[in-house]
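Predicted model, so just to flag it, every value in this text is computed and none were measured.
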Number of protein chains: 2
Amino acid sequence: MAYTVGQVARIAGVTVRTLHHYDEIGLLSPSGRTPTGYRRYDDADLQRLQLVLYYRELGFPLEEITAIIDDPAADPAAHLRRQHELLTVRIKRLQEMVTAVEFAMEASKLNIQLTPEERFEVFGDFRPEEHAAEAEQRWGDTDAYRESNRRVARYSKDDWLRNKAENEDWGRRIVALLAAGAPADGPEAMDLAEEHRQLISRWFYECSYEMHTGLADMYLADERFTAYYENIAAGLAAYLHEAIHANAISRA
Amino acid sequence: MAYTVGQVARIAGVTVRTLHHYDEIGLLSPSGRTPTGYRRYDDADLQRLQLVLYYRELGFPLEEITAIIDDPAADPAAHLRRQHELLTVRIKRLQEMVTAVEFAMEASKLNIQLTPEERFEVFGDFRPEEHAAEAEQRWGDTDAYRESNRRVARYSKDDWLRNKAENEDWGRRIVALLAAGAPADGPEAMDLAEEHRQLISRWFYECSYEMHTGLADMYLADERFTAYYENIAAGLAAYLHEAIHANAISRA
DNA sequence: CTCCCGCCTGCCGTTACGTCAGGGTCAAGC
DNA sequence: GCTTGACCCTGACGTAACGGCAGGCGGGAG
């Protein structure tokens, strides 16, 4: 099985220039050439290219990739294990960023100020520096985002007032429920939790049950959120937290 | 609240040079200068920087970031929504890569050959191109990876024979169980599923319940895996699949 | 007043390619 | 057998996002 540069490029989803470059720097030289000088790649070359692309995606500089791949002590299985490990580390990191964004969203919704240090916490000790051309023409192209933006962009002053009113109405009802001593995992509290979720979804952003329980956790974990709800009624933060979790579990 | 370049750099986790660069290209110019020409950043500048860093991490070129941030139609909440959306898209993508790696791991374990196209499927239509300096000195530095590598590196020929023997022993027992008509969600089948998971963990890589059910799904979804197990005994693929799922649920 | 650390402005270097330019090649069709 | 368009080759220069100096002020603690 022999392939030309163009074929390899199409299969692997890279440009011909990239393959030329990898040849130049000795990262991936085709196993042979035709009499007329055309590059000929074989299956082993493709395997190597696959390794290269994974490590590249994982953020390694090409020079280092050369060293990693040429390391005779690393068999294919070792590479797979390493890549699996690196991928999960990166996913964890992105999930932390998601949490940070959700935190910021909720903070802005409740008008809570963050300190500068807090805002950059997620960038703390680890040098980010990423790129992804994939984002290029994709910007603003994700359905959910457009959806959400369309929604908010159309809000009139009137809408905002209605939103505020709905929120306050919801607040009054849950305070009453708490005062009446209704259990947080009872049907009324769960219904109000669900309503809370749907208020967010209607006015701000699609709020899944997962995101919702994330918010609930923040209400207890961060003192400013706690203070916001405790300020409305003593015990409300914990009450809402429990109700949201109970609601999420029962609907799942 | 006014900050010098150095302070901002420390807070945000970037270099002073980077801030100079952002000033040069007009992406983030400090709101003022001291009489002697020192840059003075204020809180608004920090907020802007935070936006910049998030979009940078999400892979946008700086020029585009300038356009996005200077877009007067986008309020802070819109940015948060967009970033949340982009982050989840990227997480999904990485999880696909994880699945692809797990697939490749399992394929190599069972000696199944992949076609070149399959190997690059995950890079298919979307231009990867990522970087993360974080990986730099971190390479080979993740506990689980070193663990796993230490394990495999020490295997002698004897160990490999033992591994093969254990595997075959497990195979005989599950075939017997299947032949005896024991239910796939019964205790014996679940025990053998658990043993399967622990065999992988002992010999190859730490296999969580989540990964294990992922493997089980592949056994049914991919015909080569199915064929591998069906070849041992008719109905074994589905049987193992169900047993693994039952086991994972009961231990969770 | 003196240090040393921090800040300033150039300016050149680097990585991982993109993008021509100028020219040979291959296979399909006439 | 010849054309033609798609494909390949090797330079060589361009670009983005900084890194890393050099050479020279600024500033606050002792």
- Rounded to whole angstroms, how far apart are CZ on A/R40 and P on C/dT25? 15 Å
- Message: Tell me the interatomic distance from A/Y38, atom OH, to C/dC26, atom C1', rounded to whole angstroms.
- Response: 6 Å
- Short side-chain N/O contact from B/R39 to OP1 or OP2 of C/dG6, under 4.0 Å: no
- Query: If you find the nucleotide of DNA chain D closest to A/G37 and the one closest to B/R17, which residue's nucleotide is nearer the 5' end?
  - Reply: A/G37
- Roughly how many Å is it from CZ in A/R10 to C1' in D/dC8, rounded to a whole number? 13 Å
- Task: Assess whether side chain to side chain donor-acceptor pair (under 3.5 Å) is satisfied between B/Y22 and B/R48, documenting all intermediate values.
- Result: CA-CA 11 Å; B/Y22 291 170; B/R48 189 181 169 95; over 6 Å; no
- Task: Could you pull out all residues at least two apart from A/L199 that satisfy side-chain contact (heavy atoms from CB on, under 4.5 Å)?
- Result: A/E166, A/N167, A/W170, A/R202, A/W203
- Query: In whole angstroms, how far is the C1' atom of C/dG6 from the CD atom of B/Q7?
  - Reply: 10 Å
- Task: Go through residues 18-34 of chain B and report each residue with a non-hydrogen atom lying under 4.0 Å from DNA chain C, sorted by number.
- Result: B/H20, B/R33
- Query: Considering only side-chain heavy atoms of B/V5, which listed nucleotide, D/dT10, C/dC17, C/dC7, is closest?
  - Reply: C/dC7
- Given C/dC7, D/dT10, C/dC17, which nucleotide is nearest the side-chain atoms of B/T4? C/dC7
- Quick one: which of C/dT9, C/dT25, C/dC7 gets closest to the side chain of A/T36? C/dT25
